[in-house]
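Here the structure is laid out as structure tokens; the discussion comes afterwards.
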Amino acid sequence: MINLQRYFINQNADENQRFFIEDREDVHHITHVMRYKEGNHIIITFSDKKVYKCEIISINDNNIELRLDEKQDINTELPQHITICSGLIKADKYEWMIQKATEMGASEFIAVGMDRSVVKLNESKVAKKIDRWQKIIKEAAEQSYRLTIPNIYFKSNLKAIYDMINHYDYVLIAYEEQAKHGDLSHFKHILKQFESQDRVLMIFGPEGGLSDKEVSLFQEHSTLVGLGPRILRAETAPLYALSAVSFEKELLG
């Protein structure tokens, strides 16, 4: 199974139903990149997080018909639902971050125009950017055997995020001043409190960090945490945080 290519279908699994891959890019990848033929097998992850080894029954220009062959017992999701909310940073760095954070288990991304963001995103370009980011996330989810494809959204400022905080069990702000002042245990203490299925919002600044005004906006409804003794780059900090969650809640159990 490990060597089989993985794809997603936006339907629930049903062994009595026929299924078709209809996504144009997936059809192209299967037929022209992987050069699969009828009778070959692939792995399909369904919307209900069920995973099946499937046989290719027929290949057409617009779709590929599948037969469910063998259910796979796989659980690759973090126990917590982690939303990575981060300031806009340079395109290549941001794309690298969302790719790696998807591999490491992030459930959702929110890109935000923050006070110190050097990168600006015009409203006219938002849809195109979201499409590109979503494609990167989808490919990373397939590569890393995720059971879901994280979604990504754009908000023009942090005030829009403040209006959403009631959706989360924890709101953590990665604040470099905490690290500078030697706060190395608070983050660890918070991680230990996480329960299975908790919804966690983690906020990270852009290259210049969060402004005092942005931090004060969440003052009564968040926890400031330092991420170790070193000052991390904007694209590295979310990966550090996800690694810490995985170590504490998966490896240590």
Side-chain angles (χ1 to χ4, degrees), residues 78 81-141 143-144 146 149-165 168 170-180 183 187 200-218 222-246:
L78 280 176
H81 184 285
I82 308 292
T83 295
I84 300 296
C85 171
S86 55
L88 287 175
I89 57 177
K90 293 178 182 178
D92 57 336
K93 294 179 180 179
Y94 188 75
E95 291 176 1
W96 179 84
M97 186 276 286
I98 60 175
Q99 180 191 58
K100 301 309 174 188
T102 298
E103 294 175 16
M104 300 175 77
S107 297
E108 185 178 59
F109 297 94
I110 308 175
V112 182
M114 295 186 183
D115 291 346
R116 294 176 179 170
S117 292
V118 176
V119 175
K120 306 297 180 184
L121 186 56
N122 296 329
E123 287 295 331
S124 61
K125 297 181 179 180
V126 169
K128 187 175 180 180
K129 274 290 187 184
I130 291 291
D131 285 345
R132 176 173 173 80
W133 291 338
Q134 198 67 66
K135 180 180 178 181
I136 291 170
I137 290 168
K138 176 179 178 290
E139 291 175 351
Q143 185 275 327
S144 57
R146 292 288 303 274
I149 302 173
N151 288 318
I152 186 164
Y153 308 94
F154 171 75
K155 301 294 181 182
S156 58
N157 55 69
L158 269 180
K159 177 63 169 63
I161 305 302
Y162 179 80
D163 295 338
M164 301 163 50
I165 59 175
Y168 299 95
Y170 293 89
V171 178
L172 306 182
I173 297 180
Y175 194 44
E176 64 181 32
E177 293 301 321
Q178 299 294 112
K180 289 178 181 177
D183 176 10
F187 185 42
V200 183
L201 175 65
M202 294 185 173
I203 301 176
F204 303 86
E207 284 97 344
L210 294 157
S211 69
D212 292 341
K213 183 178 72 173
E214 289 172 327
V215 173
S216 63
L217 177 65
F218 293 86
S222 67
T223 302
L224 301 181
V225 295
L227 303 180
R230 292 160 292 281
I231 303 302
L232 304 175
R233 296 175 70 100
E235 68 271 24
T236 309
L239 307 185
Y240 179 100
L242 287 165
S243 296
V245 173
S246 176

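We use all heavy atoms of the structure for the numbers below, so side chains are in, but hydrogens, waters and symmetry mates are not.
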Can you tell me how far apart [atom1] ([X]) and [atom2] ([Y]) are? Round to the nearest 0.5 Å.
X      : Y      : atom1 : atom2 : result
Gln99  : Leu239 : CD    : CG    : 10.5 Å
Glu139 : Ile149 : CD    : CD1   : 10.5 Å
Tyr240 : Leu232 : OH    : CG    : 7.0 Å
Met104 : Ser144 : CE    : OG    : 11.0 Å
Asp163 : Leu158 : CG    : CG    : 11.0 Å
Leu201 : Ile165 : CG    : CD1   : 8.5 Å

Over all heavy atoms of both residues, which pair between [X] and [Y] is shortest? Give the atoms and the distance, please.
X      : Y      : result
Ala234 : Gly205 : CB-O, 3.7 Å
Phe204 : Ala174 : CD2-CB, 3.6 Å
Ile130 : Ile152 : CD1-O, 3.9 Å
Ala141 : Pro150 : CB-CD, 4.4 Å

Strictly distance-based, threshold 3.5 Å: is any side-chain N or O of [X] a donor or acceptor partner for the main-chain N or O of [Y]?
X      : Y      : result
Asn122 : Ser124 : no
Arg146 : Glu103 : no
Glu214 : Ser211 : yes
Lys120 : Ser117 : yes
Ser222 : Phe218 : yes

Practice task
Please lay out, stage by stage, how Ile82 and Leu242 fare under the test side chain to side chain contact (heavy atoms under 4.5 Å, CB included).
Solution key: CA-CA 8 Å; Ile82 308 292; Leu242 287 165; 3.8 Å; yes
Is there a side-chain contact between [X] and [Y] in this structure, where contact means two heavy atoms from C-beta onward sitting under 4.5 Å apart?
X      : Y      : result
Lys90  : Glu207 : yes
Leu88  : Pro206 : no
Phe154 : Leu121 : yes
Ile203 : Met114 : yes
Phe187 : Leu172 : yes
Asn151 : Gln134 : yes
Met164 : Lys155 : yes
Met97  : Ser86  : yes

Exercise for the section: Go through the side-chain N and O atoms of Thr83 and Glu108 and say whether any donor and acceptor fall under 3.5 Å apart. Expected result: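 Yes.
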Exercise for the section: Count the heavy atoms of every other residue, nucleotide or ligand shown that sit under 6.0 Å from NZ of Lys213, and state whether that count exceeds 12. Expected result: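 Incorrect, the count does not exceed 12.
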Exercise for the section: Could you tell me whether Arg132 and Glu95 make a salt bridge, using a distance below 4.0 angstrom between a side-chain N and a carboxylate O? Expected result: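 Looking at Arg132 and Glu95, the cut-off is met.
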Exercise for the section: Evaluate the criterion salt bridge (Lys or Arg N to Asp or Glu O under 4.0 Å) for residue pair Asp131 and Lys135; output intermediate values, then yes/no. Expected result: CA-CA 6 Å; Asp131 285 345; Lys135 180 180 178 181; over 6 Å; no
Exercise for the section: Given side chain to side chain contact (heavy atoms under 4.5 Å, CB included), test Arg116 with Leu210 step by step and report yes or no. Expected result: CA-CA 7 Å; Arg116 294 176 179 170; Leu210 294 157; 5.9 Å; no
Exercise for the section: Check the pair Phe109 / Cys85 against side chain to side chain contact (heavy atoms under 4.5 Å, CB included), numbers first and verdict last. Expected result: CA-CA 6 Å; Phe109 297 94; Cys85 171; over 6 Å; no
Practice task
Before giving the answer on side chain to side chain contact (heavy atoms under 4.5 Å, CB included), spell out for Val215 and Leu224 the whole-Å C-alpha distance, their side-chain angles and the decisive distance to 0.1 Å.
Solution key: CA-CA 9 Å; Val215 173; Leu224 301 181; 3.8 Å; yes
Practice task
Would you check if the distance from the ring center of Tyr94 to the ring center of Trp133 is below 6.0 Å?
Solution key: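 Yes - the distance between ring centres of Tyr94 and Trp133 falls below the 6.0 Å cut-off.
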